[in-house]
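Protein chains get the first letters and strands the later ones, always in sequence-line order, with residue 1 at the start of each.
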Amino acid sequence: MTDSLDRDPILELRGVNKSFGAVQVLHDVHFAAYSGEVTALVGDNGAGKSTLVKCIAGIHPIDSGTYLFNGGPVNVHSPRDASALGVEIVYQDLALCNNLDIVQNLFLGREKRGRFVLDEPGMEELTARTLTNLSVRTVTSFRQKVASLSGGQRQTIAIAKAVLWNSKVVILDEPTAALGVAQTAQVLELVRRLARAGLAVVLISHNMNDVLAVSDRVCALYLGRVAAEVRTAETTHSQIVELITTGQSGTSQKGPPLSPHHADVATPTAAAPVVADILPPAASAASSSNGEPG
Amino acid sequence: MKSVQLVDQPVPLNGEMPPTAARAPAAGERFGLGGHARSYVVRVRGGNMGALPAILGLIVLCVVFAVLRPSFISKTNFANLFTQGAAITIIAMGLVFVLLLGEIDLSAGFASGVCAAVMATLLTNNGQSWWVAMLAALATGAIIGLVLGFAVARIGIPSFVITLAAFLALQGVVLLIIGNGGNISIRDKTIIAIANKNLPPALGWALFAIAVIGYGSVQTARIVTRRAHGLSHTTYSVVAARIAALALVGGAAVYFLNLQRSRNSAIVSLRGVPVIVPMIVALLVFWTYVLTSTRFGRHVYAVGGNAEAARRAGIDIIRIRVVGFVICSTMAAMGGIVAASRATSVDPNAGGSNTLLYAVGAAVIGGTSLFGGKGRILDAVLGGAVIAVIDNGMGLMGYSAGIKYVVTGSVLALAASVDALSGSRRY
Ligand SMILES: Nc1ncnc2c1ncn2[C@@H]1O[C@H](COP(=O)(O)OP(=O)(O)OP(=O)(O)O)[C@@H](O)[C@H]1O
Ligand SMILES: [Mg+2]
């Protein structure tokens, strides 16, 4: 097993600054996400987490700094640029259209076209397969309007929308904030499965139990600055809370890297279909044939 | 191979569906008549009434007027209803796009007036051929829409304000073109035919047959493809019932319209489906196709439902808004042409008085929401029919324009309350 610190991050931001008018929200931020790992992004309300994510997504242009993807600098000016790289974001405010149904939301902006009309059956079929594989069993119809779904269902639809495409980095902004116990556990399980499948997952959460349960590393923002980037395995609940509330931790170590927290984190090979491992073993063999070019 | 385009192709988390996994909830399920009735009741309870209020209202109004004033259901009056409602229905179709986007266009009425004045001037004063004049009118509409859309989408002026400004300015433009107290009459046969001529009875039946067969094939094809994909689909009996309903209502209308309406048929024969009817059906089919079956249409709904979500999905929301306004004003131009054809002249009040309010009212009465994101082109047709029936029926009863306006205003207020209360914001 390769130590993840020996690898290059798939996504890295260096020295990023971002202001809204006179208010500087991000100061010289460094942030990295690694394939096959869950990186937790924590910080108090207003620390700048959502802003950082929107910069990564191309919604807000960065004022200065470098955006690196797969080790190379890239320009991301619009959500299209980000999704072209394989970066997908599940927003805190879910960014679903209430007046559209599940299928229409999943394919929004990337509708499949038939000869004369949109390929509705094709899109519905893919929706059915994706949601089935995400273990969504509670929706009665894929043609249900999103307005009629519960919070947990909507969150799952939002996540499905991100992984339906060949994404390499999935960023989840407080995915469990509005969920009950059982639905939270389901979403966290889904988060782990995405990482195990080789995706770089970034999880924003205010819930330290969630962070400790699923993340491999923690990046703490304090008033728009990175207070620390630490291994989850090397830190404790109280240290993270200290970083969040004061921006420093007396005992925080940025010391020598340890091996990954989760022994089961597989090192993805570059050519493997990223989502194949989410599936039951029987299904993953089939999907590897349609994932990547030979 | 398409499959190598990584990001353009969705990567299903699948392959074969694992046999043990939960099947798609409704996969392969068939919805028969009973299932349809049940799901409809659920939808109505959930606040989504669809076309129900407009159709019920239409039936009630027709029955009331028919009882109070038997001349309402005379052959001549029935044919009149279509040409009376045509212009506002066409303007309302365009307004549906703007309303879907969550915007409003208060200038659509006078936009239709300006375009009609442009056409009339070219025809009568400049001696241009009908198609040059008509294209110029449509282009004028498109330019007005482009300016409005740019002001709303790019500059960020609220559509209520900018279209109110355009309402006033375009009213002035009509006056300037025609001159105070002036009147440009139209003598071109083709233009006059639009709202005044009827199809030969045989052609009426032929178009009717094409419409029914076309509708039937589209419905059947949908079942076939959905079944091929293993998706839930309606049963053939439901489709057969729909086709039968269309054939019955449409057939009765064509039959009725094909009867001789002339008092003295030896001198002048007056029978057949008004030419404007197939035109409205064609516009209905075309714009419905655009809204339901193209990416652009899907994006119109998305922008109206949640503009931020649409933007994050990579949709160019500025483009969608601008095109929406262009469609609205161009359809207004078309409505203006029809109105001018019907009146065989254009005066300084063209597109004024109740034109705009009737058109907005038609869309809203039909079920299009004022809050954006919900509506269909069919709404414009149903609502336009309701308004035409009220206007026509009240006229026959000898009520003054004052009472007509009060009643129409009340119906619009009622429709807007239904819209607000039925939770259209929840869709
Ligand atoms: N579009 C904007 N214009 C101006 N200020 C903004 C904008 N977006 C965010 N801010 C400001 O930036 C700061 C960081 O906001 P951000 O939403 O990134 O915080 P957060 O860490 O996500 O907080 P929370 O945990 O509450 O979601 C806040 O002070 C906020 O007011
Ligand atoms: Mg936030």
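Using a 4.5 Å cut-off between heavy atoms, A/L108 touches chain B through backbone and side chain atoms alike.
Note that SG of A/C97 is 7.0 Å distant from CD1 of B/I315, once rounded to the nearest 0.5 Å. Of the inter-residue distances, the one linking B/S232 atom OG with A/R143 atom CZ reads 8.5 Å to the nearest 0.5 angstrom. Taken from CZ in A/F107 to CZ in B/R298, the straight-line distance is 11.0 Å, to the nearest 0.5 Å.
Note on A/E88 versus B/R312: no salt bridge recorded, every NZ/NE/NH1/NH2 to OD/OE distance being 4.0 Å or above.
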Next on the checklist: Apply side-chain contact (heavy atoms from CB on, under 4.5 Å) to residues B/Y289 and A/V117 and explain how you reach the verdict.
Outcome noted: CA-CA 8 Å; B/Y289 161 78; A/V117 298; 3.7 Å; yes

Item to check | Full working for side-chain contact (heavy atoms from CB on, under 4.5 Å) between A/E111 and B/T294 | outcome: CA-CA 9 Å; A/E111 294 83 3; B/T294 67; over 6 Å; no

Next on the checklist: Between A/E120 and B/R226, does the salt bridge (Lys or Arg N to Asp or Glu O under 4.0 Å) criterion hold? Intermediate values first, please.
Outcome noted: CA-CA 9 Å; A/E120 298 286 353; B/R226 286 188 64 87; over 6 Å; no

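The neighbour count for B/Y236 OH, taken as heavy atoms of other residues, nucleotides or ligands under 6.0 Å away, is above 12.
Each of B/R227, B/H233, B/H229, B/R222 was compared with A/P121 under the side-chain contact (heavy atoms from CB on, under 4.5 Å) criterion, and only B/H229 meets it.
Counting heavy atoms from C-beta outward, A/N99 and B/K374 have side chains that stay 4.5 Å or more apart.
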